[in-house]
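Just so it is clear, the model here is predicted, and its values are computed rather than measured. The sequence lines fix the lettering, A, B, ..., with proteins before strands; numbering per chain opens at 1. These values consider heavy atoms only, across backbone and side chains, with no hydrogens, waters or symmetry-generated copies.
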Amino acid sequence: MEGALSNSNFIKNIVMDDLESGKVREVITRFPPEPNGYLHIGHAKSICLNFELAQDVGGKTNLRFDDTNPTKEDEEYVKSIQEDVRWLCFAWDNLCFASDYFDQMYERAVLLIKKGLAYVCDLSAEEMRQMRGTLTSPGKESPYRNRSVDENLDLFDRMKSGEFADGSKVLRAKIDMASPNLNLRDPVLYRISHATHHRTGNVWAIYPMYDFAHPLEDAIEGVTHSVCTLEFEDHRPLYDWVVEQCEMPNRPRQYEFARLNMTNTVMSKRKLKLLVDQQVVDGWDDPRMPTIAGLRRRGYTPESIRNFAREIGVAKSNSVVDERMLEYFVREDLKLKALRSMAILRPLKVVITNYPEGQVEWLDAENNAENPEMGTRKIPFSREIYIEQDDFMESPPPKYFRLFPGNEVRLKHAYFIRCEEVIKDDSGRVVELRCMYDPETKSGSGFTGRKVKGTIHWVDASFAYPAEFRLYEPLINDDEEGVDEDFLAHLNPQSLEVIQGYVENGLKDVAAMDKFQFFRHGYFSVDPKLSTPGKPVFNLVVSLKSSFQI
RNA sequence: UGGGGAGUAGCCAAGUGGUAAGGCAACGGACUUUGACUCCGUCAUUCGCAGGUUCGAUCCCUGCCUCCCCAGCCA
């Protein structure tokens, strides 16, 4: 059963303290993505944190698009982000856009100018960089720093009306060019950009910078706890400065936590976009991608991702979570949900020589032995079947429990068979096995005469239905050196393997996203893009654990 | 060599003056018509290092080491 309440973490402790002390009455959080890419599992951590922080104490959470940079943003992304948040089963209280506050932000900027706390600066980007100083030496004040309020007001108004070229002027806060915190060295508040915004069109020729816009957005929405990642930690003094100097009635507080990193993958929009643009993968929703869309298509469930997000915790130290933890949670979730079935990925034909030709038996099979509510089904059995190539070895090592000459195994849901003969082609490759079955060993008959060490799965040859299986491995092997700098050089060439095999006949017309556990292989999910009626395509979600190794 | 953060097991992560939670992984064993699942057991005499305060320190103090972030008109 899924825990109703999320695990404790330092931010939640702060929230609880604030509630207890009366510092806040109602908790309001927000998830503030910029619509410039698809969401990934790292965002899922943030989504779960923000929504559950509020949910657990009867608060509210807004989904807010931080769309202050029209050159990078796109409507496609605002759609996909909403879809992903909804899919994770979170309902936002308000759908907000930073662009809806552009007028208010402008007014606050004017207020700063009037207070003598902001000025229009004509320095070029390059000049500004040079005058900013370095980590160890102070910056120099801009020659435009002491323009009169009236001149600043006039210039800023004309920036707004589109009178000036991109990059020719900016509005800057007047703080402290000697601050050891570079963010406080007269940061840019507004830049000129004649780009077309996906929502406001060409109304604006100036757009606010993150450091100015974000605190105002939070304050406007009454956000109490503004949660972001570690790299914004030293922006906090500026965040507080903006809220205070702009005289915002609400005072949001910013808290920072460590973003999620996982082994064997990359977790930045930039890198993910590179994989998409260079066609290393099929798109943002390629099942190998750590995007929400990719994980969904792969077959991960919202529950598994939410449980994962809870269990990894929230802290301030940079860390790398083992991908096997994510895998654990999807196995755990699918265990009781996925229908058990038999699939042969690499077929080896077996003829049961003492089984009557032409005869077909319909055997009983549980749909999920661990969840009897899922019922049973009938599966056909006759003289010729397919088993997995891996389940036969002519010269097996010790402790090999499967088929080998002279050995007897159980066919799941059917009979014991013994391998009597191995048929090979001219090249010496095993192409067929001749076996004998024992009618007394039928499954469910209660036979206890003797035991076998191994049980293998199979599919009846004449009823087997052809299917495509897409097997995945990590996109990147990051146990090598230097992966971070040049991850494209460390791509796993085996990240995708497409093979043709067989499934039970009943799986001929599966629906997109249907989940199965193919015995002794793993959990599979029907691909929503590639699978068509009559031509099923299964994605490997995650394989079963196995302690067996040759 | 400025500023801001972080160091607890292989990986996450609680605890923050009273003698190291939990999860993942791993490894034993039991069970087994999935080499799965489940169950049982093992897995930090020690919390980056060195001093100090204290009856007692992962927790307080001092010094040091290591790692991450900051010099976009990105977010």
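Between A/Arg191 and B/rC74 there is a side-chain polar atom (N or O) within less than 4.0 angstrom of OP1 or OP2. At B/rU32, none of the side-chain N or O atoms of A/Thr455 fall inside 4.0 Å of OP1 or OP2 (strictly under the cut-off). The phosphate of B/rG4 has neither OP1 nor OP2 within less than 4.0 Å of any side-chain N or O from A/Arg236. Phosphate contact (OP1/OP2 of B/rU32, side-chain N/O of A/Lys453, threshold under 4.0 Å): absent. Proximity of A/Ser8 to the phosphate of B/rA14: no side-chain N or O atom is located under 4.0 Å from OP1 or OP2. Of the side-chain N and O atoms in A/Ser319, none sit less than 4.0 angstrom from OP1 or OP2 of B/rC11. Under 4.0 angstrom from either OP1 or OP2 of B/rA13 there lies at least one side-chain N or O belonging to A/Ser317.
Across B/rC12, B/rC74, B/rG3, the shortest atom-to-atom separation from the side chain of A/Pro180 is found for B/rG3. Distances from the side chain of A/Leu135 to the nucleotides B/rG72, B/rG15, B/rC70 place B/rC70 closest. Here B/rA71 is the nucleotide among B/rA36, B/rG5, B/rA71 with the atom lying nearest to any side-chain atom of A/Arg129. In the set B/rC74, B/rU34, B/rA25, the nucleotide with an atom closest to the side chain of A/Tyr328 is B/rA25. Candidate nucleotides B/rA13, B/rC73, B/rC24 were compared by shortest atom distance to the side chain of A/Arg132, and B/rC73 ranks first. Side-chain atoms of A/Lys545 lie closest to B/rA36 of the nucleotides B/rU34, B/rA36, B/rC12. Residue A/Met325 places its side chain closer to B/rC24 than to any other of B/rC24, B/rA25, B/rC73. Counting only heavy atoms from C-beta on, A/Asn13 has its side chain closest to B/rG15 among B/rG35, B/rC24, B/rG15. Picking from B/rC70, B/rU34, B/rA13 the nucleotide with the shortest atom distance to the side chain of A/Leu182 gives B/rC70. The side chain of A/Arg340 approaches B/rU34 more closely than any other nucleotide in the set B/rU34, B/rC73, B/rC11.
B/rU33 and B/rG28 have their C1' atoms separated by 25 Å, given to the nearest Å. With both ends at atom P, the span from B/rC68 to B/rG18 equals 34 Å, rounded to whole Å. Taking atom C1' on both nucleotides, B/rU8 is separated from B/rU45 by 15 Å, rounded to a whole Å. Between B/rA9 and B/rU46, the two P atoms lie 13 Å apart (nearest whole Å). Separating the C1' atom of B/rA25 from that of B/rC12 is a span of 11 Å, rounded to the nearest Å. The gap from the C1' atom of B/rU66 to that of B/rG72 amounts to 29 Å, rounded to the nearest Å. B/rA20 and B/rG48 are spaced 16 Å apart, taking the P atom of each and rounding to whole Å. Here, B/rU19 and B/rU58 have their C1' atoms 11 Å apart, quoted to the whole Å.
The ring-ring contact (aromatic ring centres under 6.0 Å, His included) check on A/Phe392 picks up nothing, with sequence neighbours excluded.
At a threshold of 4.0 angstrom between heavy atoms, the contacts of A/Val188 are confined to the sugar-phosphate backbone, with no base atom among them. A/Phe416 comes within 4.0 angstrom of no nucleic acid atom, judged by non-hydrogen atoms across all strands. Contacts of A/Gly454 with the nucleic acid, taken as non-hydrogen atoms under 4.0 Å apart, are absent. A/Lys269 comes within contact range of no nucleotide atom at all, as no heavy-atom separation falls under 4.0 Å. Across all strands, A/Glu34 comes closer than 4.0 Å only to sugar-phosphate atoms, never to a base (heavy-atom distances).
Ring centers of A/Phe10 and A/Tyr255: at least 6.0 Å apart, outside the cut-off. Checked against the 6.0 Å centroid threshold, A/His197 and A/Phe102 count as a close aromatic pair. Separation of the A/Phe524 and A/Phe516 ring centroids does not fall under the 6.0 Å cut-off.
Between A/Phe519 and B/rA36, no base-stacking contact is recorded for ring centres under 5.5 Å apart and planes less than 30° from parallel.
Between A/Phe257 atom CZ and B/rG5 atom P the separation is 18 Å, expressed in whole Å. Residue A/Tyr400 contributes atom OH, which lies 11 Å from atom C1' of B/rG35 at whole-angstrom precision. Atom CZ in A/Arg324 sits roughly 8 Å away from atom C1' in B/rA26 (whole-Å rounding). Separating the CG atom of A/Asp333 from the P atom of B/rA36 is a distance of 21 Å, rounded to the nearest angstrom. Rounded to an integer number of Å, the gap from CD of A/Glu231 to P of B/rC67 is 20 Å. In this structure, NE2 of A/His521 is placed 15 Å from P of B/rU34, rounded to the nearest angstrom. Atom CZ in A/Phe401 sits roughly 13 Å away from atom P in B/rU34 (whole-Å rounding).
At a cut-off of 3.5 angstrom, counting only N and O atoms as typed in the model, there is a donor on one side and an acceptor on the other between the side-chain of A/Ser443 and the base of B/rU33. Applying the 3.5 Å distance criterion, the base of B/rU34 shares a donor-acceptor pair with the side chain of A/Gln517. Side-chain N/O atoms of A/Arg402 and base N/O atoms of B/rG35 include a donor-acceptor pair closer than 3.5 Å. Side chain A/Asp234 to base B/rG3: a donor-acceptor pair is found below 3.5 Å.
The nearest heavy atom of RNA chain B to A/Ser547 and to A/Ser124 marks one nucleotide each, and the one closer to the 5' end goes with A/Ser547. When each of A/Ser137 and A/Lys451 is assigned the nucleotide of RNA chain B bearing its nearest heavy atom, the one mapping closer to the 5' terminus is A/Ser137.
A/Tyr437 does not carry A/Arg418 over the face of its six-membered ring by the limits of under 6.0 Å from the centre and within 45° of the normal.
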Verdict with supporting geometry, A/Leu403 and A/Asp391, side-chain contact (heavy atoms from CB on, under 4.5 Å): CA-CA 6 Å; A/Leu403 263 188; A/Asp391 286 339; 5.8 Å; no
Chi angles and distances behind the side-chain contact (heavy atoms from CB on, under 4.5 Å) call for A/Val170, A/Val120: CA-CA 6 Å; A/Val170 291; A/Val120 172; over 6 Å; no
Working for side-chain contact (heavy atoms from CB on, under 4.5 Å), residues A/Glu256 and A/Thr229: CA-CA 5 Å; A/Glu256 311 86 13; A/Thr229 43; over 6 Å; no
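The partner of B/rG63 is B/rC49, by the rule that a Watson-Crick or G-U pair needs both atom distances under 3.5 Å. Across all strands shown, B/rA20 forms no Watson-Crick or G-U wobble pair with both distances under 3.5 Å. Across all strands shown, B/rG2 forms a Watson-Crick or G-U wobble pair with B/rC70, both key distances being under 3.5 Å. Nucleotide B/rA44: unpaired (no Watson-Crick or G-U wobble partner with both distances less than 3.5 Å).
Using a 30° and 60° split on the angle between ring planes, A/Phe156 and A/Tyr106 fall in the parallel class, below 30°.
Against the 90° criterion about 0, the sugar-base torsion of B/rG72 places it in the syn range.
A/Ser179 places no side-chain N or O within 3.5 Å of a backbone atom of A/Asp176 that could act as its donor or acceptor partner.
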